Amino acid sequence: MKYHQINSALFVKNRKKFMAEMKPNSVAVFNSNDIYPVSADSTLPFAQHRDIFYLSGVDQEESVLLLFPDAPYEHQREMLFLRETNDHIAVWEGEKLTKERAFQVSGIRTVYWLQDFHKVLNEMMTYADTMYINTNEHYRATVETETREARFVKWWKERYPAHNVAKSNPILQRLRSVKESEEIDLIQHACDITEKGFRRLLGFVKPNVTEYEIEAELAHEFIRNRSKGFAYTPIIASGNNANVLHYIENNQQCKDGDLILLDVAAEYANYSSDMTRTIPVSGRFTDRQKAVYNAVLRVKNEATKMLTPGTLWKQYHVEVGKIMTSELLGLGLIDKTDVQNENPEWPAYKKYFMHGTSHHLGLDTHDYGLLHEPMKANMVFTVEPGIYIPAEKFGIRLEDNVIVQEKGEPFNLMRNIPVEADEIETLMNE
């Protein structure tokens with residue numbers, strides 16, 4: 001891995017929190033992701049399942065974590081199963097975890113090779129009453145490919161039909177949404193790498209540069225700072241492309257007078273950052289562009305202040321909508337009649353700001369979090385309002401990552417990334 005090793009104390013804490021929520025006499029199993037095929041013998045780069053990483057720090061395919069806090073013997077309470085490594089694998093594929101190295105990474109002392117998994121699991125099931133299965137219940141998830149985790153669940157239900165079934169996901173949704181200090185440091189590091197990439201761009205962008213050249217500059221800066229690269233597929237949208245919310249072609253030329261919407265950010269150690277900035281190709285905003293830009297910035301700043309403990313997700317977005325409505329009135333994009341006659345299910349402001357303002361951030365860019373429950377301290381959110389005006393051929397979105405604080409305003413992890421229009425112009429023209 002490119003990143004520095006994470007202290008195993010984090011994963012020890014995470015497992016302790018999870019096991020404290022398990023029912024008596026129950027087992028939980030977590031699987032690594034598959035390495036996904038492309039065609040012939042080609043594969044996609046491996047990306048670890050975030051749940052097993054959160055609980056173990058193991059960042060390797062064909063790995064299984066088993067937790068059984070009420071096991072009859074202490075060595076059975078936390079167990080890792082890894083693909084057995086050897087000299088041949090080391091030559092052809094590189095270093096894999098040994099049992100000793102797995103202990104250093106995870107803090108788990110009982111490590112078996114994967115071929116022993118079914119035998120050990122069978123013994124554990126004779127002791128246990130309940131099995132925790134790990135299903136994907138994220139509110140944005142649409143999964144058509146059968147995952148390694150899903151195959152295991154199907155197999156387990158057929159093999160052990162007499163056991164009770166419980167779900168790991170609700171526990172993980174709550175635990176993963178509230179970050180430990182070590183996790184916040186890792187997200188901050190990802191934000192710091194993102195800052196370096198953005199500052200690199202401010203001196204690079206000029207008329208006639210292409211969107212993919214900008215993407216290449218970011219990839220260079222991210223990887224040279226120990227990131228695997230982008231935390232998500234980058235959006236580099238010049239001109240009217242910014243009005244396509246998930247524009248990812250990044251293949252157009254950036255023209256003088258246009259704006260570029262950059263929704264781009266680095267990952268670090270599997271933790272995501274998530275930044276959006278909008279900059280002028282020429283290095284100068286027009287008066288109209290700056291007016292819209294500053295309106296979006298004001299919405300972002302006001303929305304950020306509302307991310308406090310006890311805030312309810314649904315009400316938060318209602319309040320942000322009121323602020324955005326005021327700004328759109330000031331810009332002349334809507335009028336009082338539009339507001340008076342609006343559909344409560346799709347308010348007038350939605351014509352120009354049609355997406356949500358914030359989402360949880362962490363190991364996943366759209367991280368775990370139960371949206372019907374009040375916000376808590378140490379949750380990390382994005383704040384990303386936007387105004388999109390196809391008729392004027394530009395869209396503006398601004399996005400920072402913030403931590404909900406026990407007291408006071410949220411702490412901005414992207415506080416050092418330029419966002420004021422005047423500062424951006426100054427840096428682009430130095």
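Reckoned from all heavy atoms, side chains included, excluding hydrogens, waters and symmetry mates. Being a predicted model, the structure only gives us computed values, none of them experimental.
Between the side chains of Tyr247 and Glu211, a donor-acceptor pair is found at a separation under 3.5 Å. Side-chain contact check for Asp59 and Tyr3: at least one donor-acceptor pair (N or O, by modelled atom type) lies under 3.5 Å. In the model, Gln289 has no side-chain atom that pairs as donor or acceptor with a side-chain atom of Arg284 under 3.5 Å. Judged by distance alone, the side chains of Asp51 and Asn134 do bring a donor and an acceptor atom under 3.5 Å apart. Donor-acceptor pairing under 3.5 Å is lacking for the side chains of Tyr139 and His359. Side-chain contact, Asn270 with Lys228: a donor N or O sits under 3.5 Å from an acceptor N or O. Judged by distance alone, the side chains of Glu149 and Asn31 do bring a donor and an acceptor atom under 3.5 Å apart. Using modelled atom types and a 3.5 Å distance limit, the side chains of Thr308 and Thr311 yield a donor-acceptor pair. Using modelled atom types and a 3.5 Å distance limit, the side chains of Thr135 and Glu137 yield a donor-acceptor pair.
Between Met324 and Lys350, the closest side-chain pair of non-hydrogen atoms is not below 4.5 Å. Leu80 places none of its side-chain heavy atoms less than 4.5 Å from the side chain of Tyr112.
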> Can you check side-chain contact (heavy atoms from CB on, under 4.5 Å) on Asp400 and Arg277, steps first, answer last?
Replying inline: CA-CA 9 Å; Asp400 283 337; Arg277 292 292 186 269; 2.7 Å; yes
> Which is it for Lys179 and Asp367 under the side-chain contact (heavy atoms from CB on, under 4.5 Å) test, yes or no, and what are the steps along the way?
Replying inline: CA-CA 11 Å; Lys179 272 55 179 181; Asp367 205 30; 2.7 Å; yes
Show me, pair by pair, the donor-acceptor contacts under 3.5 angstrom made by side chains of residues 203-210, not counting sequence neighbours?
from: Thr210; atom 1: OG1; to: Glu213; atom 2: N; distance (Å): 3.4
from: Thr210; atom 1: OG1; to: Glu213; atom 2: OE1; distance (Å): 2.9

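Partner of Tyr352 under the side-chain contact (heavy atoms from CB on, under 4.5 Å) criterion, chosen from Val292, Leu328, Leu331, Asn243: Leu328.
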